[in-house]
Amino acid sequence: MKRIAILGFSLESNRFAPPCSRADFEERGYYRGDEISREARAEHPAIYAGVTGFYSGMDAELGRSGWEPVPVVHASSQPAGPVEEDFFNELLAEFEAGLTAAGPLDGVYIAEHGGACATHTHDPDGEVFALVRRLVGPDVPVIATLDLHANVSDAMMQATDIMVGYRENPHTDIRERGAEAAALMVELMAGTKATSYRVRLPLVAPSVTQLTAPGHPYGDLIRLGQTKIDDKVMNVTILSGFAFCDTPKNGMTVIVTTRNDPDHAKTLAIDLAKAGWADKDRYVPRMTSLADSVATAKRLGEDPNLPSLLFADPADNPGGGGRGNTTYILKALLEAGVHGCIFGVFFDPALVAQAQTAGEHQEFRARLNTGETAPFSEPLDWDARVVRLHDGEFIGHHGMVAGKSVSLGATAVVAMGGVTLVAISKRQQCLSSDFFEALGIDVVGARSVVVKSRGHFRAGFNHLFPPERIVEVDVPGLTSPNLANFDWRYLPRPVFPLDKEATWSPPAG
Ligand SMILES: [Zn+2]
């Protein structure tokens with residue numbers, strides 16, 4: 001019977017967003033002990049899908065009687081700011097207590113995001129991994145899964161046997177990567193020695209250039225890496241990283257893990273890094289101005305023969321630490337008198353409360369962002385009508401929420417001029433058409449759809465909006481793909497495409 005500990009800390013930190021604390025993790029997902037196993041095996045799990053995938057992978061590899069999960073703690077937050085020091089240290093203490101009480105272990109699976117920073121350190125993920133290694137010793141396999149937006153440190157490399165990164169953006173393969181980690185775990189427990197090599201490039205790709213669909217440079221590089229998997233190469237992970245974390249460890253990272261063939265790991269990692277660097281000029285965003293976007297939306301509302309379009313606000317992406325409530329696009333749509341537009345999801349618990357006070361079908365003066373202090377989250381007042389009040393609970397059908405339980409918190413559908421706005425109480429990005437349809441909103445009939453999301457929405461709207469009917473709008477925000485908009489403090493410089501003169505030469509060997 002193989003005993004495997006399961007734990008993780010999952011946060012993508014935007015250095016420019018307000019710090020996050022225990023409450024952010026309790027809201028999104030804080031599972032302790034057996035809650036992890038129960039949730040991982042639930043019909044519609046709410047827990048991070050890597051955990052679900054790891055359980056199903058282990059069950060498939062060894063059978064339920066062949067391994068014993070030793071679940072410790074899994075804490076995940078919506079992407080937010082740096083994690084607060086006190087809470088983070090409490091979490092480390094929980095990990096330590098759980099692993100110490102666990103008794104002898106045959107392996108540890110860490111379901112981590114990898115893109116966090118803290119108010120007191122650039123590398124909280126490295127601290128988690130180092131703690132695990134210190135407690136279990138050098139011989140117990142430790143495998144982590146990472147979001148492809150992870151920024152990898154030396155400490156993370158040293159403490160783990162294998163790091164498995166996602167290969168899909170939008171992240172539709174989280175569960176598969178958890179299952180892959182299980183298969184690799186079984187191989188390591190059988191005696192295979194994993195050796196890895198890592199190369200980091202001075203390339204910090206703007207968020208909207210990190211798509212993995214055909215025709216995108218990052219996807220091309222990942223697919224090239226996968227052609228190298230063979231009996232020597234266990235895993236090729238290529239992480240585009242998360243710019244807004246703003247740490248010295250930022251930069252696209254290639255990790256090759258071999259079956260104890262360090263020379264091959266190094267040669268292959270360098271070859272893949274060379275291919276990535278040769279393609280660097282394709283990592284430059286091309287967005288549409290707000291004025292052009294609104295003019296287009298106006299035309300769509302007036303001419304039913306034009307195909308509808310989806311407008312994305314990548315600069316206010318809650319999936320990158322944005323607050324999900326900036327009003328640049330909304331205000332411009334309202335002032336232009338755009339019709340047939342649906343807009344969501346907009347994080348504003350105070351607005352939801354105003355709608356609840358008014359009641360369904362009642363008119364009221366909507367006052368947006370009265371409870372918000374973050375930069376860019378400007379107030380906006382507009383006459384409105386409550387279309388519907390809802391508890392915000394549903395099961396998703398599309399994209400990254402397919403089959404998953406989703407909770408928006410108390411929700412209000414509010415009509416403001418020709419715009420139907422979905423206001424929510426739990427901050428998150430709009431991941432699929434479910435976020436409208438579950439509230440009774442007709443997405444197919446809408447002339448324009450605006451989403452607060454950088455790119456994960458693509459997986460949940462691709463049955464309605466192919467890539468050529470998606471417009472990325474260039475507005476200010478905490479997650480603007482215009483990297484020149486930010487006051488960077490810790491990024492390694494020069495770095496491409498921020499610094500066009502950035503150079504890189506392969507390490508010797
Ligand atoms: Zn990600």
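Atoms within each ligand, like the ligands themselves, are counted from 1 in listed order. All of these numbers come straight from a predicted model, not from anything done at the bench. Atoms considered below: every heavy atom in the structure, side chains included; atoms not considered: hydrogens, waters and symmetry mates. Throughout, residue positions are numbered sequentially from 1 according to the sequence presented.
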Trainee: Only N/O/S atoms count here: what is the atom of Asp147 closest to the Zn ion (ligand 1) called?
Mentor: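 Of the nitrogen, oxygen and sulfur atoms in Asp147, the Zn ion (ligand 1) lies nearest to OD1.
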
Trainee: Please find the N/O/S atom of His149 nearest to the Zn ion (ligand 1) and write down its name.
Mentor: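 His149's closest N, O or S atom to the Zn ion (ligand 1) is named ND1.
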
Trainee: Which word best sums up how the rings of Trp488 and Phe244 line up, parallel for under 30°, tilted for 30 to 60°, or perpendicular for over 60°?
Mentor: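 Correct class here is parallel.
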
Trainee: Could you check which N/O/S atom of His171 is closest to the Zn ion (ligand 1)?
Mentor: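 Answer by atom name: NE2.
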
Trainee: Taking the ring of Tyr48 and the ring of His74, is the distance between their centroids below 6.0 Å?
Mentor: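 Yes.
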
Trainee: A side-chain contact here means heavy atoms from C-beta on lying under 4.5 Å apart; do Thr257 and Thr195 qualify?
Mentor: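 Contact flag for Thr257/Thr195 side chains = no.
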
Trainee: Mark yes or no: Lys274 above the aromatic ring of Trp277, with NZ or CZ under 6.0 Å from the six-membered ring centre and no more than 45 degrees from the axis.
Mentor: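 Here Lys274 fails the 6.0 Å and 45° test against Trp277.
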
